[in-house]
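First comes the structure, then the notes that go with it.
We name chains A, B, ... by the order of the sequence lines, and we start the count at 1 in each one. Note that the structure is a prediction, hence the values are computed from the model and not measured.
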2 protein chains.
Amino acid sequence: MGIRILIADDHKILREAITSLLNNEIGISVVAEAGDGRTAVQLARELQPDIVVMDIIMPNLNGIEATRQIVRELPHTKVLMLSEQSDRRCVCEALRAGAAGFVPKRCGFDELVTAIRNLAANHTYLSSEITGAVVDEYIHRRPDQDNSAYSVLTGREREVLQLIAEGMSTKKIAKELHLSVKTIEWHRSQLMKKVHLKSVAELVKYAISEGLTCVSV
Amino acid sequence: MGIRILIADDHKILREAITSLLNNEIGISVVAEAGDGRTAVQLARELQPDIVVMDIIMPNLNGIEATRQIVRELPHTKVLMLSEQSDRRCVCEALRAGAAGFVPKRCGFDELVTAIRNLAANHTYLSSEITGAVVDEYIHRRPDQDNSAYSVLTGREREVLQLIAEGMSTKKIAKELHLSVKTIEWHRSQLMKKVHLKSVAELVKYAISEGLTCVSV
DNA sequence: GGTAAAACCAGGAATGCCCTGGGTAACCCG
DNA sequence: CGGGTTACCCAGGGCATTCCTGGTTTTACC
């Protein structure tokens, strides 16, 4: 059998390349690929892989939220973050969301394999490049919560915010999430109240500054 | 011998993976890797590869500038852009800098190989996903003048766009500019048509990328 | 097992958006 | 000077969306 892996990254060429290399490794097989977070969650549900290798920046649903949903539903599936962002905030949010490991993309392939084998052995794995950031977070822990999106908004609210900031209408979001339009409206008004913003334009800027979406259209 | 390739990307894991896959291709061999633009220029000078596969976003020296330097010094070396950004501006800047091909990272590995073989045969290669943007650029506008907000939009339209992107409602904009709400609505629909965007969220991102407004709320 | 928070949904009034169509002023150019 | 082009301005009406108030179910947590 070996370690069954799902890869989620919006760069197809990276997915394919890593898949190909991982399939050469003994005892590791990639069972599926996903190009966005929502697809990743669905595929994880269907295939129940041992490990999900997950990018953070993805359309439709970002890697943090996807991780949150996966670890809640599938306790036996571990998530390994493979991200280009490796700042303190990203790392800590990923761990808080339930990721069992974190490797920045600037690391080599060997380290990815090491991380995968560690996670498969029920260990957590943090790349040496980022452990500093985590320690820093635990030492300088702010007693009062900052007002970042991850502390004031709920999961659903962040999810809706991302889709709004990606240009979707309320109707489309409802269809995408299989919910009523009224529900989306409620979440939208809730999150607008929470962050004290009154227009879509301000929401978009907020989402960009929080890393929920990127500037390029 | 075959096609000799230099790969420049700041993500080591992507470099390694692509290198490994390319070395499996018949007649293609990766002779070196670079993690930033300046290293890429130096290695290209030393090794004189046939093709440089180049990312745009890199530390020290970005891919556009590196391309400019390489094509000026080494007329027999071709540059293939492999970038996550694939908006009009990036593509056109890359081509203007002398790149002979452009493939977005969201494309598959096969397309990368196709592009490499095309460049080696002295052809240019543009991914089908971006040819539309380029053709649009060259047909609609003069090649020497960019289609930034300042050239395709009228003064009023830019004015309205900025206010929209700053979070104002149509009503407030009308009051601000001492115009009818209907007039603002018309300008808005006009400018949306011109830049081919359909939502406020996309407009905001466009305005940010054009420097009409900033990210901070 | 009770409480709280999150997530879900509905109805109706108000608002805003989209589309069609029309009008004026300025400008360039043959 | 007449004709074309462009920017700018505005109205009406149909349609979609938002806002507000309400309520139910689910989940998490003592």
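When the C1' atoms of four end pairs are superposed on the next four at each end of the helix from dG1(C)-dC30(D) to dC27(C)-dG4(D), using five pairs per end, the two resulting axes differ in direction by 40°, to 10°.
The shortest distance between the side-chain N/O atoms of His187(B) and the OP1/OP2 oxygens of dC8(D) is not below 4.0 Å. Side-chain N/O atoms of Arg156(B) include one lying less than 4.0 angstrom from OP1 or OP2 on dC9(D). Distances shorter than 4.0 Å separate some side-chain N or O of Thr154(A) from OP1 or OP2 on dA7(C). Using a 4.0 Å cut-off, some side-chain N or O of Thr170(A) falls inside it from OP1 or OP2 of dT18(D).
Between Lys194(A) and Glu157(A) the shortest side-chain heavy-atom distance falls below 4.5 Å. A 4.5 Å side-chain heavy-atom check between His187(A) and Leu177(A) finds every atom pair outside the cut-off.
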**Q.** Check against side-chain hydrogen bond (donor to acceptor under 3.5 Å, both in side chains), Glu16(A) and Thr19(A)
**A.** CA-CA 5 Å; Glu16(A) 288 186 357; Thr19(A) 296; over 6 Å; no
Q: For side-chain hydrogen bond (donor to acceptor under 3.5 Å, both in side chains), just list the numbers for Thr183(B) and Arg156(B), CA-CA rounded to whole Å, side-chain angles, deciding distance to a tenth of an Å, and then say yes or no.
A: CA-CA 10 Å; Thr183(B) 305; Arg156(B) 264 291 194 240; over 6 Å; no
Q. After noting the C-alpha distance and the side-chain angles of Asn60(A) and Gln162(A), does the key distance pass the side-chain hydrogen bond (donor to acceptor under 3.5 Å, both in side chains) rule?
A. CA-CA 7 Å; Asn60(A) 217 327; Gln162(A) 178 177 355; over 6 Å; no
Q. Lys205(B) and Thr213(A): side chain to side chain contact (heavy atoms under 4.5 Å, CB included), yes or no, with the steps?
A. CA-CA 10 Å; Lys205(B) 292 180 178 185; Thr213(A) 186; 2.8 Å; yes
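Rounded to the nearest 0.5 angstrom, Met54(B) CE and Asn62(B) CG are separated by 9.0 Å.
Ion pairing between a basic and an acidic side chain is recognised when a charged N comes within 4.0 Å of a carboxylate O; Arg188(B) and Glu185(B) show no such pairing.
For Glu159(B) and dA7(D), the CD to P distance is 15 Å, given to the nearest whole Å. As rounded to whole Å, 11 Å separates atom P of dC8(D) from atom CG of Leu191(B). Atom-to-atom, CD of Gln69(A) to C1' of dT27(D) comes out at 15 Å; the value is rounded to the nearest Å. Rounded to an integer number of Å, the gap from Lys171(B) NZ to dT17(D) P is 20 Å. A straight line from CE of Met168(A) to P of dT17(D) spans 14 Å, rounded to a whole angstrom. Taking atom CD on Glu157(B) and atom P on dC9(D), their separation rounds to 11 Å, with Å as the unit. The distance from atom NZ of Lys193(A) to atom C1' of dT21(D) is 11 Å, rounded to the nearest whole Å. As a whole-Å value, the separation of Lys198(A) NZ from dT15(C) P is 18 Å.
Residues of residues 172-186 of chain B having a heavy atom closer than 4.0 Å to DNA chain D, listed by number: Leu179(B), Ser180(B), Lys182(B), Thr183(B), Trp186(B).
Shown here for Asp10(A) and Arg106(B), the closest heavy-atom pair between the two residues is O-CB, 3.9 Å.
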